[in-house]
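Position 1 is the first residue of the sequence, and the numbers go up from there.
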Amino acid sequence: MIADPTLPETTTVASSAGAGAQPSLRRLMGEIRQRKVATAGLLVFLAILLIALLAPLLAPHEPLKQNLGDNFLPPAWKDGGDWTYPFGTDPLGRDILTRLMYGARSSLIISIGAVFVGLAIGLVTGLVAGFYGGFLDTTLMRLGDIQLAFPFVLFAIAILAVSPNRTVWHLMAVLGISSWVIYARVVRSRVLSERNKDYARAAQAVGASRWRVLRRYVLPNVWQAMVPIALLNLAYFVVVESLLSFIALGLSPPNPSWGSIRADGRQYMMVDPWMALLPGFAIVITVLAIGLAADGFADILDPKLTQGAFQRQPLTSSMPDSTIAEESENDLLQVRNVCIDYPAKSGTVHAVRDVSLDVAPAEVVGIVGESGSGKSTLGLAIMQLLDAPGRVTDGALLFEGADLARASNKRMNQIRGRGIGMIFQDPGNSLNPVLTVGYQLAEVIRANRAASGDGIRTLARQSLAAMNIADPDRVLRAYPFQLSGGMQQRVMIALAMIAKPRLLILDEPTSALDVTTQAQLLAELESLRAEHRTSMLFISHDIALLAQIASRIVVMYAGQVIESGPRDTVVANPLHPYTRALIGAVERVDAAGEERLEAIAGDPPDLRIVQPGCPFAPRCPLVMDRCWTVAPPRIAREPGHEVACHLYESPGSKEIAA
């Protein structure tokens, strides 16, 4: 492997290692500081908590000390107030500021303790129920249902009303035990999702016990959801504890809490309203601060919440004049100089850079490349279904003259389905597991107004029959998990073809299928293309597969098109070293016994770093000095056959303007 002498490997590796070695808590707090609202909430809550913990040192008076000669004093900023008692006094002459400090101590200690009790019980219960399942799962969850059937506050009142002496420990236990179901249900749902994933099965396959898999593999993928829930539950407990104290079911007198202070002030609202308002302000500020901090932690621990999974932002810039001039009535789809970025804290990922291609009516164009080359990202960009925060940042996606990158959401809803359909890589995840195939087909038919009434089932049956499904009635009644992978993929194609789209995007549709099923599926796709004159954009990592169905092949590497042309030309006469490597890695039946498949040395580049020169240079066996510093131009070697490589720069080559 040839190293790039201009690449600062030492700096990059050192910084990455430092980031990886950084403690989780420090990294978490660093990300919180980037969110000003969450930081403000966290700082306010920590300040209130610190005041509560240091109340014996900070309070100007004793919380139970009475001075009847100074009763009903207003706050210091009111007429008659005294800075000896900054917030005034109550009917017994006790300092309200001191009692608020000690009240915060009681309220927060009870609330935080209750959170830990409920979290501990719920976490263990959810882990055990979700991981072991069966009778144990059913029993634990039914117990939770029984508890949820009884209102939470009424449960606390019923228990505390018969308690002669209510201490901090009593309140912690009652509130904590009442809240375990919330944690248990969330943990159980996530464990059910994680326990059957490949990484957990792989651990068991190498001899790890079920307890070790649960503790070392499943739990680290579950606990993040608990932090925002615990913080929100803490805010809720502050309110509930204050409510219980307000109705004399909190701490036994004379221990102060915000609720009991507010209850005392309620009787004297006409004389001194501040006695009731000040503890109310303390409760509101504390709950608001905890809520803001919880929102920040939720964004960090679950990035999907902050990115907005369904958020789409059309391009606002005008379409380049050069792009408009190149429009052709002969092409159904024109991708022009498209760039797609994924902004992230560690650096923007440039997933697609300056990609252009055309798809004519009834044509099959194949896109091939390694994982991470930008193939699927380009397909999702055409559908305008990029995962947030991915954005088309430049270029144009012209479909029948309409620029999809700049189209409104309403316009895109009209184009998807009837104009452009898409088949995703994993049909098992793309089909709804709790709805029958017939219901899902009927839903698509209604959404696209393809039929109505009795015609819906007829059309659904015909769409399955068109995919050579022998018993469509049985499949209509079946759930997706009751079908094989090949049958699920046929259902996905039937769903996509119901509205008869002019363009069909197929993202690795055969990756999970055996060779025989692949051949059948390719034959059915070719039949559909011929019958409906549907254009196809076929995305695959297997260039041999594209050689069977595509009329033109586009080779992508590191988010760029490095070679494109007619299928037979690209396969028989590959120009770019990367294309040659892809073809050399194809399995062949006629290979000699000692002949080995070619492997591409090295790894794909980090798309966060835009390096000068050719992106394939670090892995290219024919690399030249200029490959490191000068980006190769697109060169036309034959009609329709283009390549981006310095090897073909010669007086006879025709360079294509970007």
Side-chain angles (χ1 to χ4, degrees), residues 16-17 19-28 31 115-145 147-148 176-177 179-233 297-305 309 346 371-372 387 424-434 479-485 488 508 511-512 603:
S16 301
Q22 194 176 20
S24 298
L25 180 60
R26 187 185 304 173
R27 187 164 58 248
L28 186 65
E31 293 186 5
V115 167
F116 278 107
V117 171
L119 177 60
I121 298 174
L123 182 61
V124 173
T125 304
L127 285 172
V128 171
F131 193 75
Y132 290 97
F135 176 77
L136 188 60
D137 179 23
T138 302
T139 302
L140 292 173
M141 289 301 101
R142 294 301 76 78
L143 288 174
D145 292 341
Q147 179 168 318
L148 288 175
I177 292 173
S179 65
W180 70 270
V181 185
I182 302 171
Y183 302 100
R185 285 181 170 272
V186 174
V187 171
R188 174 182 176 270
S189 65
R190 298 195 66 150
V191 171
L192 288 173
S193 173
E194 297 292 332
R195 69 177 185 180
N196 291 323
K197 289 188 176 179
D198 290 342
Y199 74 88
R201 292 183 179 274
Q204 288 182 301
V206 296
S209 64
R210 299 189 72 183
W211 166 245
R212 183 173 179 82
V213 172
L214 176 62
R215 181 170 55 90
R216 297 299 299 272
Y217 293 87
V218 176
L219 179 59
N221 289 288
V222 169
W223 72 266
Q224 293 94 332
M226 297 298 97
V227 176
I229 296 175
L231 286 172
L232 293 174
N233 212 21
F297 278 105
D299 289 348
I300 294 169
L301 296 173
D302 191 350
K304 292 180 181 178
L305 297 177
S346 57
S371 296
D387 290 335
F424 296 94
Q425 182 173 354
D426 186 356
N429 289 331
S430 301
L431 295 170
N432 194 321
V434 299
Y479 289 91
F481 60 83
Q482 296 174 317
L483 305 176
S484 66
Q488 290 176 346
E508 304 272 11
S511 60
D603 297 311

Closest heavy-atom contact between Val218 and Val191?
CG1-CG2, 4.0 Å
In the structure I gave you, are the side-chain heavy atoms of Trp180 and Thr125 within less than 4.5 Å of one another anywhere?
yes
Evaluation steps, side chain to side chain contact (heavy atoms under 4.5 Å, CB included), between Leu148 and Arg185:
CA-CA 11 Å; Leu148 288 175; Arg185 285 181 170 272; 3.4 Å; yes
Shortest non-hydrogen separation from Gln488 to Leu483 and the atoms involved
NE2-O, 3.5 Å
What heavy-atom pair brings Ser179 and Gln147 nearest, and what distance separates the two atoms?
N-NE2, 4.1 Å
Evaluation steps, side chain to side chain contact (heavy atoms under 4.5 Å, CB included), between Phe131 and Asp137
CA-CA 9 Å; Phe131 193 75; Asp137 179 23; over 6 Å; no
Nearest heavy-atom pair of Leu127 and Val187: which atoms, and what distance?
N-CG1, 3.5 Å
Evaluate whether atom CZ of Phe481 has more than 12 neighbouring non-hydrogen atoms of other residues, nucleotides or ligands under 6.0 angstrom away.
yes
How long is the straight-line distance from CZ of Arg190 back to CG of Leu219, given to the nearest 0.5 Å?
11.0 Å
Report the C-alpha distance between Tyr479 and Asn432 in whole Å, list the side-chain angles of each, state the deciding distance to 0.1 Å, and finish with yes or no for side-chain hydrogen bond (donor to acceptor under 3.5 Å, both in side chains).
CA-CA 8 Å; Tyr479 289 91; Asn432 194 321; over 6 Å; no
Would Phe424 and Glu508 satisfy side chain to side chain contact (heavy atoms under 4.5 Å, CB included), going step by step from the backbone distance to the final call?
CA-CA 7 Å; Phe424 296 94; Glu508 304 272 11; over 6 Å; no
To the nearest 0.5 Å, tell me how far Tyr217 OH sits from Arg212 CZ.
6.0 Å
Leu140 CG to Phe135 CZ distance, which is reported to the nearest 0.5 Å
9.5 Å
Would Ile229 and Tyr183 satisfy side chain to side chain contact (heavy atoms under 4.5 Å, CB included), going step by step from the backbone distance to the final call?
CA-CA 8 Å; Ile229 296 175; Tyr183 302 100; 3.7 Å; yes
